[in-house]
Q: 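Sharing a structure, written as structure tokens. Questions coming.
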Amino acid sequence: MKVVILAAGEGTRMRPLTASKPKVMLPIANKPMMEHTINAAVGAGVKDFLIVTGYREDAIMDYFKDGSEFGISVEYVHQEEHLGTANAIGYAKEFVEGHFIVLNGDMLVSTEHISHLVSRTEDAIISVKEVENPSQFGVIETDEEKVIRIVEKPKNPPTNLANAGIYLFDEVIFDYIDRTGKSKRGEYEITDSLQMMIDDGCSVGYDLLETEWIDIGRPWDMLDANKVLLENIDNTREGTIEPYATLHGNVKVGNNTIVRNGAYIVGPVIIGDNCDIGPNCFIRASTAIGNDVHIGNAVEVKNSIIMDGTKIGHLSYLGDSVIGAACNFGAGTKVANLRHDNKNVKTMVKGEIVDTGRRKLGVIMGDDVHTGINTSINIGAVMEPGSSTMPGEVVTHKRKTN
């Protein structure tokens with residue numbers, strides 16, 4: 001069975017992190033998020049993959065190549081226009097036979113669930129998740145094991161089973177995709193194709209997601225996924241741990257990395273290759289540090305993702321944040337991550353202020369950002385790639401490129 005991974009979109013809600021790479025290549029636990037998706041499928045016995053690419057596709061193709069380095073086979077097809085999920089799946093028509101699985105490259109899904117899908121034989125299977133607020137999702141209406149209707153964001157939901165966007169299809173789906181018209185928002189919706197299958201009497205079932213599932217749609221979702229994935233890391237330590245450094249719990253240290261005396265690290269934490277950590281720093285749980293990163297003296301980092309090549313200078317604090325590649329923190333840079341009134345943190349997404357639903361959120365920082373010494377960055381701030389601050393400056397909202 002082949003897995004088709006949809007990976008053509010930019011992920012505009014993930015800006016500024018996607019300015020230089022597609023969303024599916026953003027790192028979580030020091031691997032591109034799509035690699036975790038592929039690994040879950042491999043664990044279920046899948047070896048053949050088709051990746052539907054588009055925005056900055058070279059980053060995907062240069063990393064996975066033909067898949068041989070990962071013990072799999074990978075093919076690619078370019079999606080010319082982004083006209084909805086049915087349109088994207090339609091590009092797989094010449095590459096699959098019989099049953100195939102469709103995954104999104106920006107979802108965290110378990111091997112166990114993919115194994116469930118592999119074992120099913122219906123014309124289509126919709127993966128669903130029980131949710132508390134089904135009116136905000138597309139939900140299914142069921143008759144025992146069959147799906148009889150798909151309803152988008154209903155005022156009176158027939159069930160609490162939300163469509164998770166993970167499918168098993170027989171190749172007959174392509175006949176229905178060809179018959180699918182554009183929706184009100186001008187896209188070809190796979191749910192419309194599925195509804196036609198149901199109306200024609202095809203066997204359409206569902207499979208309940210009972211394991212971890214995270215749809216990574218906004219930058220702070222990366223922190224949730226990172227926390228989950230780090231729970232399973234080991235204690236592999238390929239670098240140098242100086243004698244007076246303290247590591248508690250599972251802390252994975254990469255090749256040619258040095259953890260200097262006085263560093264205090266509480267796992268789960270992952271540190272990449274060629275890093276320089278400390279001395280006398282504090283790295284707290286659920287932190288992922290990429291390759292070629294420097295964490296200086298008297299720096300504290302908590303529950304954050306730090307991408308390759310970033311330098312966090314001495315006397316700095318960073319919490320609940322996502323930091324892009326090749327950034328540089330001037331000495332004394334502080335990131336606030338908690339409102340004084342304990343209300344949810346709000347931030348900017350696609351030009352609008354949104355409630356993140358989180359009590360704690362620091363900064364979302366694009367690549368190549370430089371802060372002056374003693375910079376203060378307020379909760380929920382967004383900093384565009386290439387931006388910088390003056391010494392002592394306070395960043396309260398969105399900081400654009402200089």
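Quick caveat: nothing in here was measured; it's all calculated off a predicted structure.
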Q: Does Cys327 offer a backbone N or O that forms a donor-acceptor pair with the side chain of Thr310 under 3.5 Å?
A: yes

Q: Tell me whether Lys311 is salt-bridged to Asp276, with the criterion being a basic N under 4.0 Å from an acidic carboxylate O.
A: no

Q: For the pair Asp367 and Ser20, evaluate side-chain hydrogen bond (donor to acceptor under 3.5 Å, both in side chains) and give the outcome as yes or no after the intermediate values.
A: CA-CA 8 Å; Asp367 296 345; Ser20 62; 2.7 Å; yes

Q: In Å and rounded to the nearest 0.5 Å, what is the NZ to CG distance from Lys360 to Asn344?
A: 13.5 Å

Q: List the steps and the verdict of side-chain hydrogen bond (donor to acceptor under 3.5 Å, both in side chains) for Ser316 and Thr333.
A: CA-CA 5 Å; Ser316 296; Thr333 297; 4.5 Å; no

Q: Tyr91 and Glu80: side-chain donor and acceptor closer than 3.5 Å?
A: no

Q: Report yes or no: does Lys334 contribute a side-chain atom to a donor-acceptor pair with the main-chain N or O of Gly332 at less than 3.5 Å?
A: yes

Q: State whether Lys93 and Glu171 are salt-bridged, where the test is any N-O pair (Lys NZ or Arg NE/NH1/NH2 against Asp/Glu carboxylate O) under 4.0 Å.
A: no

Q: Assess whether a salt bridge exists between Glu75 and Lys2, defined as any Lys/Arg side-chain N lying under 4.0 Å from an Asp/Glu carboxylate O.
A: yes

Q: Could you state the interatomic distance from CG (Asp106) to CE (Met222), rounded to the nearest 0.5 Å?
A: 11.0 Å

Q: Please check if any side-chain donor atom of Thr389 sits under 3.5 Å from a side-chain acceptor atom of Thr375, or the reverse.
A: yes

Q: Please identify which of these residues, Lys23, Arg15, Arg56, meets the salt bridge (charged side-chain N to carboxylate O under 4.0 Å, His left out) condition with Glu10.
A: Arg15

Q: Kindly say whether Val128 contributes a backbone atom to a donor-acceptor pair with the side chain of Asp207 at under 3.5 angstrom?
A: no

Q: Distance check, rounded to the nearest 0.5 Å: Thr287 atom OG1 versus Leu318 atom CG?
A: 8.0 Å

Q: Can you tell me if Ser286 uses its side chain to pair, donor with acceptor, with the backbone of Lys227 under 3.5 Å?
A: no

Q: Using the rule side-chain contact (heavy atoms from CB on, under 4.5 Å), only one of Ile323, Ile377, Ile364 pairs with Met383; which is it?
A: Ile377

Q: Are Glu187 and Arg185 ion-paired here, with the side-chain N under 4.0 Å from a carboxylate O?
A: yes

Q: Just verifying a value: how many Å separate Asp143 CG and Ile148 CD1, rounded to the nearest 0.5 Å?
A: 5.5 Å

Q: Show your working on side-chain hydrogen bond (donor to acceptor under 3.5 Å, both in side chains) between Thr180 and Ser193 and close with a plain yes or no.
A: CA-CA 6 Å; Thr180 301; Ser193 308; 2.6 Å; yes

Q: Give a yes or no on whether the ring-centroid distance for Tyr264 and His248 is below 6.0 angstrom.
A: yes

Q: Do Lys346 and Asp355 sit within salt-bridge range, that is, some charged N less than 4.0 Å from a carboxylate O?
A: no

Q: Donor-acceptor pair, His116 side chain versus Thr111 backbone, under 3.5 Å?
A: no

Q: Among Val102, Val204, Asp123, exactly one meets side-chain contact (heavy atoms from CB on, under 4.5 Å) together with Phe169. Which residue is that?
A: Val102

Q: Is the number of heavy atoms from other residues, nucleotides or ligands within 6.0 Å of CG (Asn156) greater than 12?
A: no

Q: With rounding to the nearest 0.5 Å, note down the distance linking CG in Asp215 to CE in Met107.
A: 4.0 Å

Q: Under 3.5 Å, is there a donor-acceptor pair between the side chain of Arg260 and the main chain of Gly296?
A: no

Q: For the residue pair Phe100 and Phe174, is the inter-centroid distance of their aromatic rings smaller than 6.0 Å?
A: yes

Q: Got a second to check how far Arg218's CZ is from Lys350's NZ, nearest 0.5 Å?
A: 9.5 Å

Q: Please check: side-chain N/O of Asp308 versus main-chain N/O of Asp292, any donor-acceptor pairing under 3.5 Å?
A: no

Q: Taking the ring centre of each residue, are Phe49 and Phe70 less than 6.0 Å apart?
A: no

Q: Among Asn39, Ile60, Leu103, Leu26, find the one that has a side-chain contact (heavy atoms from CB on, under 4.5 Å) with Met34.
A: Ile60

Q: With no hydrogens and no angle check, just 3.5 Å: does a side-chain donor-acceptor pair link Glu189 and Ser183?
A: yes

Q: Between Asp273 and Asn255, is there a donor-acceptor pair closer than 3.5 Å when you use the side chain of the first and the backbone of the second?
A: yes

Q: Arg359 and Asn342: side-chain donor and acceptor closer than 3.5 Å?
A: yes

Q: Between Asn274 and Asn291, does a side-chain hydrogen bond (donor to acceptor under 3.5 Å, both in side chains) hold up when you go through it step by step?
A: CA-CA 6 Å; Asn274 305 308; Asn291 300 324; over 6 Å; no

Q: Answer yes or no: is there an ion pair linking Arg358 with Asp224, defined by an N-O contact shorter than 4.0 Å?
A: yes

Q: Out of Val269, Ile306, Ile277, which one pairs with Val301 under the side-chain contact (heavy atoms from CB on, under 4.5 Å) rule?
A: Ile306

Q: Please check if the side chain of Thr257 supplies one atom and the backbone of Gly272 the other of a donor-acceptor pair under 3.5 Å.
A: yes

Q: Is any side-chain heavy atom of Leu108 closer than 4.5 Å to a side-chain heavy atom of Leu229?
A: yes

Q: Quick check: are there more than 12 heavy atoms from other residues, nucleotides or ligands sitting under 6.0 Å from NZ of Lys129?
A: yes

